[in-house]
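Just below is one structure, and these are the notes that go with it.
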Amino acid sequence: MSEPTQPSREYLAAPVLKIGALAWLKDNLFNSWYNSLLTVITLLGLWYLVPPFFKWAFVDSLWNSSAEACRDIDGACWSIIPNNIKFIILGFFPNGEEWRPLLAMFLLLALVVYSKERSRWNKYLGWFWVSGLIVMGTLMYGGIFGMTVVETAQWSGLPLTMMLSFFGMVAAYPLGVLLALGRRSKMPAIKTLCVVYIEMIRGVPLISLLFMSSIMFPLFLPDGMTIDKVLRAQVAIILFTAAYIAEVVRGGLQAMPRGQYEAADSLGLNYRQTMRLIILPQALKIVIPPTVGILLSAFKDTSLVVIIALYDVLKTTKVTLSNPKWTGYSTEAYIFLAVLYFICCYAMSSYSRRLEKELHTGY
Amino acid sequence: MTETQPKDASAPIIKIVAMHKWYGDFHVLSDINLEVQPKERIVICGPSGSGKSTLIRCINRLEEHQQGQIIVNGTELTNDIKNIEKVRAEVGMVFQHFNLFPHLSILENLTLGQIWVRKTPKKQAEETAMMYLEKVKIAEQALKFPGQLSGGQQQRVAIARSLCMAPEVMLFDEPTSALDPEMIKEVLDVMIDLAEEGMTMLVVTHEMGFAKSVADRVMFMDEGQIVEQNNPHDFFDNPQHERTKLFLSQIL
C-alpha cells in the first residue's frame, strides 16, 4: 500500500498503557473527582437495594406452597405463579384441551427459531409457514379430528398475546413498506391517500382505534352480520403499527443516494425491480434499529386489548390477583410477567443486532 | 415523426435535433444538434456547469429534455416508459461516483441487469460477468463487496457492469474525477481497450491526454451550448473560438 520511508520499516506494537485491575478501576471508575463521587453514590445505592431484594426474593421466599403458607413469611411468595400458571398462560381455554394451545405456541416458537438463519429463507420455508399457521389455527379453533370447537372469545393468555403481536408485526411490516412507497409516489392520488392514512392513524392513540373496532365498527355492519372481536382487534393493531413502520421506512428511502436509482435506471430496471432489488434491501437495512423499536412497542401494546375485554396475558394475571387468596402478591406476579416480556423483547432486539451485522457489507 | 425508424449502416446511432432543456427557468441546454456514428468516440469537455453531464444524461433519459428530439438507435425518447427502458438497456452508463450496488457482491452487481432486464439464465449471466471481470482485470474480486474495493477497482467493475448488458453505446460521466491519481490510469486503460474494440463512446472528461489519443471528435461546451467540435488534432492545436482557447489555456 504505502511506500516504506526507509529500507527496513520497523513495525511497532501499539502502546500498552496500563494493565491490571487497579489500573482499570482508576481509568474507568475513579478517573476524576465527579466520577469518583458517582461511583461511590452508585455503590452505596446498590448496597442498600441489592441485599434486601436478594433476601426478599431468594432467602425468605416460598416457591411452591399454598397461599396460606405465604401469609407467615416476609419474603416473596412466588407460589402464586405455579399455583395459577394454567390460568395465567392459557386463560379460559377449556380444561382438558390445554395441549392444543401449548402445542400451537411451541410450533410458532419452533418456526420462528428455525427461520432465524438467513440461509434457510427460501420457498420451502414459506410453505412451512403456511402449513404451520394452518395447523396452529386448527389446534386453537378445533372442530375437526374430534377436537371440540373453542370460540375465539375463549382464546386468552399467552397464546392471545403471541397471536396478536406476531400477526401484528408480520402483517404491519409489508403494509408499512407499501405505505412508505405510496407516500413517495409521483401519482397524487396514491400519495394523498397514503399521507392521509398515515397522519390520521398516527394522530390517534391505539386505545381509540381498539374502541372504534370494538364498539363503533359493529354499528355500521348490517344486522346479523358480525366480525370476530379478536380479528377486529388484530386488524386495529396491524393498521396502527403499519402507519408507524411506514414513516420509519420512508426515512430509510430518503437516505438512499440518488446514484443508486440512476444506476438501476441506466441498467434498464423498471420501478418494481429497482425497488425490490436495489432500494428496499438497502433502505430497510438502514432502518432496522428504529423498526425494531416500533415492533417492540407493538408487542407490548397488545396488552391494551384489555380495554375491549380481551384477556391477554397481562389481564389473566390481573384476574388471578383479584382472587382473594392471592391478592397482595402482585409484585411477584408482575415481576414474572416482566421477565416474560423481557425475554421476548430481548430476543427480538438481539436478533436484530445479529441481522444488522450479517447484512453489513463494508460500506 | 415515428418512434422507430428503419436502421441502415450509415445512420447515426444517436441523433439529437434542436434539443433544449431547462431546470425551472434556467436554460441549461440550448439548441443541441448532434449526430453520433456507430463506433465513433466523442470526448466532451468544458467548464463546470456547462451542461456536458446533463447532455449525456439526456441520452439515457436520466434527465428529461423539454424541446427537440433525441433518437437513440432508432428509438425516440418520449414519455413512453417502454421506449425509455429500451434505450436504457442499449446504452451503458458509467458514473463519476461508480454507483455500484453496495449490498450485492461484485458478481451480483454484474449479473443483475442481465437476469432481470435481459432475462438471461443465471449461469450464463455469471459466465458473461466473469468474462468482463477478466477483461477489466479484476476477476479475483468477484465475490467481494464493492465496499471492499479501491476506487479504481470499483470504477472498473462499474464499466464491466455496463458491458454485461452488451450496450450499443457507452456513456462516461467524468469516470476518473473521483479517483486518486494513481488509479486514473487503470480506468483509462480499460476505456482505451474498449475504444479499440470499436465501442461507440461519449466521454465527459478532463483527461485531455485521453482525448488526444482516443477521441475521433472533441467537443467543447460552454453555457449549455456546443461551442466547437473538431478532430483532436485541430481542436487542441488550432482552436477557433475565444472561449475554447481560454478553456484550453486554463487546463493544459
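In what follows, every chain begins at residue 1, and chains take the letters A, B, ... in the order their sequences are listed. Keep in mind that what you see is a predicted model, and the values were worked out from it rather than measured.
Of residues 251-269 of chain A, those residues lying under 4.5 Å from chain B by any heavy-atom pair are Arg258(A), Gly259(A), Gln260(A), Glu262(A), Ala263(A), Ala264(A), Asp265(A), Ser266(A), Leu267(A), Gly268(A), Leu269(A). Using a 4.5 Å heavy-atom cut-off against chain B, no residue of residues 192-206 of chain A qualifies as contacting.
The number of heavy-atom neighbours closer than 6.0 Å to OH of Tyr23(B), taken from other residues, nucleotides and ligands shown, is above 12. For Tyr351(A), the OH atom sits in a packed shell: over 12 heavy atoms of surrounding residues, nucleotides or ligands are nearer than 6.0 Å.
Neither the backbone nor the side chain of Arg272(A) comes within contact range of chain B; no heavy atom of the residue lies under 4.5 Å from a heavy atom of that chain. There is no contact between Glu108(B) and chain A, counting heavy-atom distances below 4.5 Å. At a 4.5 Å heavy-atom cutoff, the contact between Phe101(B) and chain A is made by backbone and side-chain atoms alike. Within the 4.5 angstrom heavy-atom criterion, no atom of Ile81(B) approaches chain A. For Arg57(B), the part lying near chain A is the side chain, with the backbone staying farther off; criterion is any non-hydrogen pair under 4.5 Å.
Atom NE2 in His103(B) sits 9.5 Å away from atom CG in Leu280(A) (nearest 0.5 Å).
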